[in-house]
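See below for the structure under consideration.
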Amino acid sequence: MMIGHSKNLFKLMVCLFCLSLITGCSDEVDDSSADLPSIGGGGDSPVEDTPVGEIEQSGFWVNVQSDQIDLYIDNSESFDSNCFIDKDEAGFVDMKCYLDIMEGDLYVHDLEVQYNAPPGLCNYVYISPAWHWNEPVGYGPSTVEIWLDASGDTPIVDSCHATHGNIPNDGAPPLPISIAAPTCANHNELTDTTNPDGPTCVYNRSTSGYSDCCLGSYTKIVHSDDGTAVSTTSSVESWGGDPSSCLSPFIGNGWEHFNAANFPVPYIQHVPRDSSDNPTGLNNSLNLTSNASTSKVTYSTWANHYEGVTTALPLLGPHYHTEFYGGGGESNKPYSVDPITDLSGNSVRMSGYDNGAWTFSCLDSALEVKQRIKLYVREWNTLADFVLYQTSGGATYNPDVTGSEGIGCDYDDVFGGSCNDLADFGDILNGPGNYNTSPTPTYSEILPFFPNVIYE
């Protein structure tokens with residue numbers, strides 16, 4: 001597995017330079033790309049070659065077109081079938097689609113994701129973005145109470161206690177908490193608990209070059225005994241975290257739809273009509289800015305597809321885990337997609353939609369879902385396997401080839417690099433080892449299952 005900040009930057013720059021050349025990074029690259037199926041899916045579907053802005057009449061669909069790179073988008077239920085739902089489809093279709101693309105192309109090029117609502121089918125198109133946590137996130141306690149011995153030159157912490165609630169407090173100072181409340185050292189979300197200025201939240205790693213991902217505010221109560229009298233102060237403090245700095249892939253990529261708490265949110269578009277009886281339809285696109293044009297290093301943030309870990313719990317979903325603390329909730333999604341709760345027991349399930357996929361929903365005038373398409377971006381590590389997947393009709397599938405060039409893939413070992421030159425989300429999730437499914441994993445056990453890419 002490659003974490004984004006761990007690979008040699010010089011090697012990356014050289015490889016990316018080579019990727020821009022027609023001959024590629026190796027003089028032995030198989031020129032099989034000439035045999036690739038049609039870009040955008042197979043058959044004679046009207047999805048192909050419809051320009052952005054030109055409304056197509058026959059169906060609700062999603063596509064990505066490019067004259068500069070080879071990519072392939074299809075319905076997961078039927079290989080070589082477009083990501084297309086016929087306008088006359090009587091029943092509800094919840095379609096899952098894959099955008100298959102080479103890792104170098106995904107890193108270097110923007111992706112323009114096109115969507116089409118034909119006349120008379122949808123009143124609105126609702127677009128939900130795929131996102132996950134780049135770093136572990138959580139809430140700090142709602143109250144911290146400290147007893148200081150201030151009789152000497154340097155204050156000493158006699159005791160520190162803290163409480164937490166299920167939601168951040170509203171800023172109103174509560175009554176001092178009891179000395180019998182849990183000590184700060186017994187709070188998994190706190191560290192540096194003997195600091196006279198107060199403990200540190202484990203989700204705040206700003207001193208190590210990462211982000212402050214500790215959310216919420218708290219009441220800080222300090223009792224200071226100078227040997228003659230005890231003085232008490234109370235103030236409302238912020239743990240300082242900003243969720244938008246802890247998200248992937250929206251850091252610096254131009255997504256414009258966030259709520260007041262800086263979380264990415266879906267947006268809705270009206271499907272125009274000329275008159276009450278003449279709907280005109282909608283054909284539009286959203287742009288996913290290339291990672292190479294930003295400061296993201298060796299990490300393909302748009303590649304949201306991942307395979308599940310099935311060895312330990314094959315019947316319980318791809319990344320089954322129970323709630324960190326309390327409640328008994330469970331999820332089959334990774335920690336970084338659906339943490340459920342943080343180490344303090346606070347909920348961090350911030351979205352009411354499936355943020356694991358790019359979701360395009362066709363809604364009626366009552367905002368009921370008529371049709372839905374979920375798009376997953378799957379990057380491939382070698383051209384040979386990408387071509388074989390397509391020429392075999394999907395029978396041969398191996399996008400995540402690992403190993404050294406010249407050993408694990410069919411290329412010369414020009415730079416002594418890896419077949420997997422750019423990490424994707426799946427590398428993070430399936431790389432560290434066994435996925436911890438215990439009800440109360442430690443912070444160190446959770447930490448490896450986040451990309452933790454440093455954005456310089």
Side-chain angles (χ1 to χ4, degrees), residues 1-26 29 33 39 64-73 98-114 129-132 134-135 209-211 244-245 247-256 264 285-306 358 375-383 385-386 399-402 405 409 411 414-428 451-456:
M1 183 194 73
M2 293 187 310
I3 304 299
H5 55 272
S6 63
K7 191 171 176 67
N8 184 280
L9 182 58
F10 172 76
K11 184 187 298 182
L12 171 69
M13 294 175 66
V14 175
C15 282
L16 289 179
F17 172 77
C18 288
L19 282 170
S20 68
L21 301 179
I22 296 176
T23 56
C25 277
S26 166
V29 174
S33 59
I39 301 305
V64 178
Q65 301 186 60
S66 175
D67 294 329
Q68 304 301 313
I69 57 177
D70 291 323
L71 51 83
Y72 194 74
I73 184 169
Y98 295 116
L99 167 61
D100 290 298
I101 184 171
M102 294 302 306
E103 61 177 345
D105 290 335
L106 179 61
Y107 190 82
V108 173
H109 293 270
D110 291 6
L111 288 180
E112 186 174 21
V113 183
Q114 181 185 16
W131 63 271
H132 56 268
N134 180 49
E135 303 179 38
Y210 294 92
S211 301
S244 66
S245 66
L247 298 174
S248 185
F250 297 122
I251 304 173
N253 276 80
W255 184 260
E256 298 177 352
S285 66
L286 61 90
N287 189 65
L288 307 184
T289 308
S290 72
N291 292 161
S293 67
T294 70
S295 58
K296 296 165 182 61
V297 180
T298 71
Y299 180 59
S300 293
T301 60
W302 300 120
N304 60 310
H305 172 264
Y306 61 89
W358 289 93
L375 178 65
Y376 294 85
V377 180
R378 179 167 57 190
E379 56 116 269
W380 289 70
N381 293 344
T382 69
L383 179 59
D385 287 279
F386 182 61
D400 297 315
V401 175
T402 59
E405 293 178 357
C409 23
Y411 301 98
V414 177
F415 300 110
S418 169
C419 308
N420 186 15
D421 296 290
L422 299 165
D424 63 3
F425 191 40
D427 292 323
I428 304 300
N452 285 282
V453 177
I454 295 179
Y455 296 87
E456 299 174 345

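Numbers here are sequence positions counted from 1. Just so it is clear, the values below take in all heavy atoms, side chains as well, and ignore hydrogens, waters and symmetry mates.
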Residue pair [X] / [Y], side-chain heavy-atom distance below 4.5 Å:
| X | Y | value |
| --- | --- | --- |
| W131 | P249 | yes |
| P129 | W358 | yes |
| S418 | T402 | no |
| I428 | N452 | no |

Could I get the full list of ring-ring contact (aromatic ring centres under 6.0 Å, His included) partners for H109, not counting sequence neighbours?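 Residues passing ring-ring contact (aromatic ring centres under 6.0 Å, His included) with H109: none at all.
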For [X] and [Y], indicate whether the former's side chain and the latter's backbone hold a donor-acceptor pair under 3.5 Å.
| X | Y | result |
| --- | --- | --- |
| E103 | D421 | yes |
| D385 | W380 | no |
| E135 | Y210 | no |
| N304 | Y376 | no |
| T382 | C409 | no |
| N134 | V453 | yes |
| N381 | C419 | no |
| W302 | T289 | yes |

Could you measure the distance from the CG atom of L106 to the CG atom of N291? Nearest 0.5 Å is fine.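 It comes to 6.5 Å.
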When rounded to the nearest 0.5 angstrom, what distance separates CG in D427 from CG in N420?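 Result: 4.5 Å between the selected atoms.
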For the side chain to side chain contact (heavy atoms under 4.5 Å, CB included) test, which of D110, T301, V113 pairs with L288?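 Single side chain to side chain contact (heavy atoms under 4.5 Å, CB included) partner of L288 among D110, T301, V113: V113.
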V64 and side chain to side chain contact (heavy atoms under 4.5 Å, CB included): which single residue from L99, I101, I69 fits?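 Checked L99, I101, I69 against V64; only one passes side chain to side chain contact (heavy atoms under 4.5 Å, CB included): L99.
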Kindly indicate, with the supporting measurements, whether the criterion side-chain contact (heavy atoms from CB on, under 4.5 Å) is fulfilled by D400 and D424. CA-CA 10 Å; D400 297 315; D424 63 3; 3.9 Å; yes
Grab the two heavy atoms, one from S300 and one from E379, that are nearest each other, plus how far apart they are.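 Closest pair (atom of S300, atom of E379, distance): OG-OE2, 3.6 Å.
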Y299 and S248: which non-hydrogen atoms are nearest, and at how many Å?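 Y299 and S248 have their closest heavy atoms at CE2-OG, 3.9 Å.
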Considering residues at least two apart in sequence or located in another chain, which fulfil the salt bridge (Lys or Arg N to Asp or Glu O under 4.0 Å) criterion with D100?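 Result, salt bridge (Lys or Arg N to Asp or Glu O under 4.0 Å) vs D100: R378.
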